Amino acid sequence: MSLPASMEAFLSEPHLATLTTLRPDGSPHVVAVRFTWDGHEGLARVMTVASSRKARNLVAGPGGRAALCQVAGRRWITLEGTATVSGDPRRVAEGVRRYTGRYWSAPPDPPGRVVVEIAVDRVMSLNN
């Protein structure tokens with residue numbers, strides 16, 4: 001997915017974002033997360049554990065969608081798409097590698113670590 005250079009730059013800054021997934025009852029679950037953006041693949045990645053509410057929401061609703069919204073002052077960007085949860089060691093390692101590059105330290109390594117991958121197909125932004 002090709003984004004303007006200003007959006008790519010904003011997505012490389014070490015900000016937090018909110019991740020929104022849907023609970024099985026359809027209500028939104030919103031949580032602050034760190035994430036990475038892979039513009040070449042059009043993937044946003046969030047490191048978490050399989051037992052987390054966000055991961056359980058996505059596993060309970062295969063093919064479900066998620067949205068990440070990064071805000072800094074008057075700038076914001078939302079990345080939305082179909083989300084999956086993977087415990088595949090190669091995918092998790094790629095998530096860790098990208099996280100470490102963006103946030104200058106490795107993410108926690110709890111038991112049950114997985115990666116949420118969002119195949120982004122919709123982007124909304126302001127002042128980017």
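This is a predicted model, so every value here is computed, not measured.
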Enquirer: Could you pull out all donor-acceptor pairs under 3.5 Å where a side-chain atom in residues 87-96 meets a protein atom, sequence neighbours excluded?
Expert:
residue: D88; atom: OD1; partner: R90; partner atom: N; Å: 2.9
residue: D88; atom: OD1; partner: R91; partner atom: N; Å: 3.1
residue: D88; atom: OD2; partner: R90; partner atom: NH2; Å: 3.3
residue: R91; atom: NE; partner: E117; partner atom: OE1; Å: 2.9
residue: R91; atom: NE; partner: E117; partner atom: OE2; Å: 3.3
residue: R91; atom: NH2; partner: E117; partner atom: OE1; Å: 2.6
residue: E94; atom: OE1; partner: R97; partner atom: NE; Å: 3.1
residue: E94; atom: OE2; partner: R97; partner atom: NH2; Å: 2.7
residue: E94; atom: OE2; partner: R98; partner atom: NE; Å: 2.7
residue: E94; atom: OE2; partner: R98; partner atom: NH2; Å: 3.4

Enquirer: Please list all pairs passing the salt bridge (Lys or Arg N to Asp or Glu O under 4.0 Å) test where one or both residues lie in residues 18-29, with sequence neighbours left out.
Expert: none
Enquirer: First locate atom CG of D121, then atom OG1 of T82, and finally report the distance between them rounded to the nearest 0.5 Å.
Expert: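 It is 5.5 Å, given to the nearest 0.5 Å.
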Enquirer: With rounding to the nearest 0.5 angstrom, report the CG to OH distance, L16 to Y103.
Expert: 6.0 Å
Enquirer: Just so I know, are the side chains of T48 and V116 near enough to count as touching, which here means a heavy-atom distance under 4.5 Å?
Expert: yes
Enquirer: Kindly indicate whether the side chain of L79, heavy atoms from C-beta on, has any atom under 4.5 Å from the side chain of L11.
Expert: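 Result yes, sub-4.5 Å side-chain heavy-atom pair found.
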Enquirer: Pairs in or reaching into residues 13-22: which pass salt bridge (Lys or Arg N to Asp or Glu O under 4.0 Å), with residues at least two apart or in two chains?
Expert: E13-R75
Enquirer: So if you build clusters from Ile, Leu, Val, Met, Phe, Trp, Tyr with side-chain heavy-atom gaps below 4.5 Å, do V30 and V85 land together?
Expert: no
Enquirer: Transitively linked via ILVMFWY side-chain contacts under 4.5 Å: V123 with L19?
Expert: yes
Enquirer: Using the rule that two of Ile, Leu, Val, Met, Phe, Trp, Tyr join whenever any of their side-chain heavy atoms come within less than 4.5 Å, decide whether V120 and V71 are in one cluster.
Expert: no
Enquirer: Is there a side-chain contact between R45 and F35, using heavy atoms and a 4.5 Å cut-off?
Expert: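 They are not in side-chain contact.
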Enquirer: Report yes if some heavy atom in the side chain of S125 is under 4.5 Å from a heavy atom in the side chain of T78; otherwise report no.
Expert: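 A side-chain contact is absent here, since even the closest heavy-atom pair is not under 4.5 Å.
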Enquirer: Could you walk me through whether K54 and R56 pass the side chain to side chain contact (heavy atoms under 4.5 Å, CB included) test, one step at a time?
Expert: CA-CA 6 Å; K54 59 187 155 289; R56 289 183 296 142; over 6 Å; no
Enquirer: Looking only at non-hydrogen atoms, find the nearest pair between L22 and P28 and report the distance.
Expert: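 Minimum heavy-atom contact is CD2-CA, 3.9 Å.
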Enquirer: Using a 3.5 Å distance criterion without hydrogens, assess whether the side chain of N127 forms a donor-acceptor pair with backbone atoms of R74.
Expert: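 Confirmed, N127 side chain pairs with R74 backbone.
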Enquirer: Which heavy atom of A55 sits nearest a heavy atom of A50, and at what distance?
Expert: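 Smallest interatomic distance, heavy atoms only, reads CB-O, 3.7 Å.
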Enquirer: What is the distance from atom OG of S52 to atom CZ of R113, rounded to the nearest 0.5 Å?
Expert: 13.0 Å
Enquirer: Test side chain to side chain contact (heavy atoms under 4.5 Å, CB included) on I77 and M7; report intermediate values, then the result.
Expert: CA-CA 8 Å; I77 189 165; M7 287 184 188; 3.9 Å; yes
Enquirer: Test side chain to side chain contact (heavy atoms under 4.5 Å, CB included) on L43 and W37; report intermediate values, then the result.
Expert: CA-CA 6 Å; L43 281 179; W37 169 243; 5.8 Å; no
Enquirer: State, yes or no, whether a side-chain contact exists between V114 and S86 at a heavy-atom distance under 4.5 Å.
Expert: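 No. Closest side-chain heavy atoms not under 4.5 Å.
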Enquirer: To the closest 0.5 Å, what do you measure between CZ (R102) and OG1 (T36)?
Expert: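 So the CZ of R102 and the OG1 of T36 are separated by 7.5 Å.
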Enquirer: Using the rule given for side chain to side chain donor-acceptor pair (under 3.5 Å), can you reason through R34 versus Y99, listing the C-alpha separation, both sets of side-chain angles and the distance that settles it, and then say yes or no?
Expert: CA-CA 8 Å; R34 289 181 168 189; Y99 179 107; 3.3 Å; yes
Enquirer: Just wondering, do I118 and L68 contact through their side chains at under 4.5 Å, heavy atoms?
Expert: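 Heavy-atom side-chain distance check passes, below 4.5 Å.
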